[in-house]
Amino acid sequence: MIPVNEPALGERELELVADCVRTGWVSSAGRYLDEFERRWAEYCGVKHGVAVSSGTAALNVAVSCLRLEPGDEVILPSFTIISCAQAVTKHGGLPVLVDCEPDTWCLDVDQVAARITSRTRAVMVVHMYGHPADMDPLRELAERHGLVLIEDAAEAHGAEYKGRRCGGLGDISCFSFYANKIITTGEGGMLLTDDDDWAAHARAYRNLCFRADRRFYHEELGENYRMTNMQAALGVAQLDRVDEIVAHKRAMAVAYTERLRSCEALQLPVEREWARSTFWMYGVVLKDGRRDAADVARMLLERGVQTRPFFLGMHEQPAFHRMGLFVAEAYPVTEMLGRQGLYLPSGTALTEEQVEAVSAAVLDSVAGAARRI
Ligand SMILES: *Cc1c(COP(=O)(O)O)cnc(C)c1O
C-alpha cells in the first residue's frame, strides 16, 4: 500500500524527545518550547510565536484575539477545514463565506469586497494545499476597511508569496504541526503575530487565563491549549528539515505533473507566477462532473494507492445548518471540488518509482471511471 502521507522522523527527533524524558521536562515548559517558538517565528519573519496543542486551537486563539461581539462577521472561504468556521461560531461571531478559485483552490479575492459589511471584523484566509492565496489585494481591502487579516497557514509551511513566507503576511497567522503537515510535532500548532498585546493574550488564553500574580483568580476564560516540551522537541528537530521536505514535495509535484499532464480528464495543481507552492498534497480534480472522485478513490485503493477526498464545503455541513447558517447558500466551485477532487500519495518518503506507479494507476482508474459513464 502506498500511503497518502507519512512524516519524516529520524535519529535527531528520537534524541531530543529522549532528552525531555531523561531530564524530566515533559510538560508544558522547557527549553524546546522556547526554542521552537522563537525559531518558527523567526523562520516566518514574525516577532512572537505562541505554541499550542493543535492548528484548530491556534485558530480558536486567533479569533479570541478579535473579541467579537454578537453579530460581528468574519469572512472566510467555503472550501476549507471545519476548524476555520467553527472558530468563528465558538466565539460568538458570524462566519461569512466566499467561494474559491477553480485553479489555486484558495479563496477568490474578488468576491471578498462584496461581502464586507459594517459588521465585518476580519478576513481569514487559507493557503490551500501549499499554494498561497493572493495576499496583496486582501491586505489592501483589510487596510481600507480596518479588518484584521488572519492567515491559516496550516498547509503552507515554507510556501512563499512574492518572495515572502506564508505565515508572515497577515496580522495573525496559524500553523498546525499535525502528523500529516509539512513538519510535525505529532499534534500541535502555533500562532504568530507581531502584536505584543495579542501575543500576551494568546499566552494567557492557552493556559486557562491563569494570572501571573494571582494564579487561581480569573478575569477571563481561556482553554488548556498547551503544547508539551516533548512535542516542541520534535518540532525543533523537524525545523531543520523543513526546506528539505519542501524541496522533496516540489520535486514530487514535477514528477506527477510530467506523468499526468497528458490526461485530458484531469485538472492538475497550478502555481501562480508570484507563488512558491509547497505542494503539501498533490491534488487532482476530475474535469468531467459525471465522474465522482469517490469512485476513482475506490479503484485506486484496489490497486494499493491511498488517497483522500478534498474538503466538503462549509455550507454543506449539517452542523452549521442546524445553527441556521449557510442554508440555501451555493458556492459552485467549492461544490465541484468537494465531489471531483482528491489528493494522491504525497509523503516525504515517496519515491520516483512510487510516483510512476501511482500515476499509472490514476490514468487507469480515470479511464475505468469514464467507461462506466
Ligand atoms: C490541518 C489543518 C488545520 C487544523 O489543524 P489541527 O492541528 O489538525 O487541528 C487547520 N486548517 C487547515 C487548513 C488545515 O489543513
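Along the sequence shown, the residues carry numbers beginning at 1. Whatever order the structure lists them in is the order used to number ligands and atoms, beginning at 1.
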Carefully, step by step, assess Leu192 and Ile172 under the rule side chain to side chain contact (heavy atoms under 4.5 Å, CB included). CA-CA 6 Å; Leu192 303 182; Ile172 303 177; over 6 Å; no
Considering only heavy atoms, does Val126 approach ligand 1 within less than 4.0 Å through its side chain, its backbone, both, or neither? side chain
Distance-only N or O hit between ligand 1 and Tyr178, under 3.5 Å: no
Report the relative orientation of the aromatic rings in His91 and Tyr205; use parallel for angles under 30°, tilted for 30 to 60°, perpendicular for over 60°. tilted
For Trp280 and Tyr129, take the angle between the two ring planes, folded into 0 to 90°, and tell me which bin it lands in: parallel under 30, tilted 30 to 60, perpendicular over 60. parallel
Does any N or O of ligand 1 fall below 3.5 Å from an N or O anywhere on Trp280, backbone included? no
Which of the ligand 1 atoms, numbered from 1, are nearer than 4.0 Å to a heavy atom of Ile81: 2 (C), 3 (C), 10 (C), 11 (N), 12 (C)
For ligand 1, which is the ligand I care about here, please tell me if Ser176 has any N or O atom under 3.5 Å from one of the ligand's N or O atoms. yes
On a heavy-atom basis, which atom in Gln86 and which in Thr56 lie closest, and how many Å separate them? NE2-CG2, 4.5 Å
Nearest-contact summary for atom 14 (C) of ligand 1 - protein heavy atom, Å: Lys181 NZ, 3.1 Å
One residue to check: Ser54. Relative to ligand 1, which of side chain, backbone, both or neither has a non-hydrogen atom less than 4.0 Å away? both
Decide, yes or no, whether a salt bridge links Glu273 with Lys162 under the criterion of side-chain N to carboxylate O below 4.0 Å. no
Would you mind running through ligand 1 and noting each atom that sits below 4.0 Å from a heavy atom of Thr56? 4 (C), 5 (O), 6 (P), 9 (O)
Is there a nitrogen or oxygen of Glu155 sitting under 3.5 Å from a nitrogen or oxygen of ligand 1? yes
Shortest non-hydrogen contact from Ala361 to Arg303? CB-CD, 3.8 Å
Under 3.5 Å between any N/O of Gly55 and any N/O of ligand 1: does that happen in this structure? yes
Strictly distance-based, threshold 3.5 Å: is any side-chain N or O of Lys249 a donor or acceptor partner for the main-chain N or O of Ser346? yes
Starting from atom 11 (N) of ligand 1, locate the nearest protein heavy atom and write down its residue, its atom name and how far away it is, to 0.1 Å. Asp152 OD2, 2.6 Å
What closest approach, in Å, do Ser53 and Arg226 show between heavy atoms, and which atom pair accounts for it? CB-O, 3.6 Å
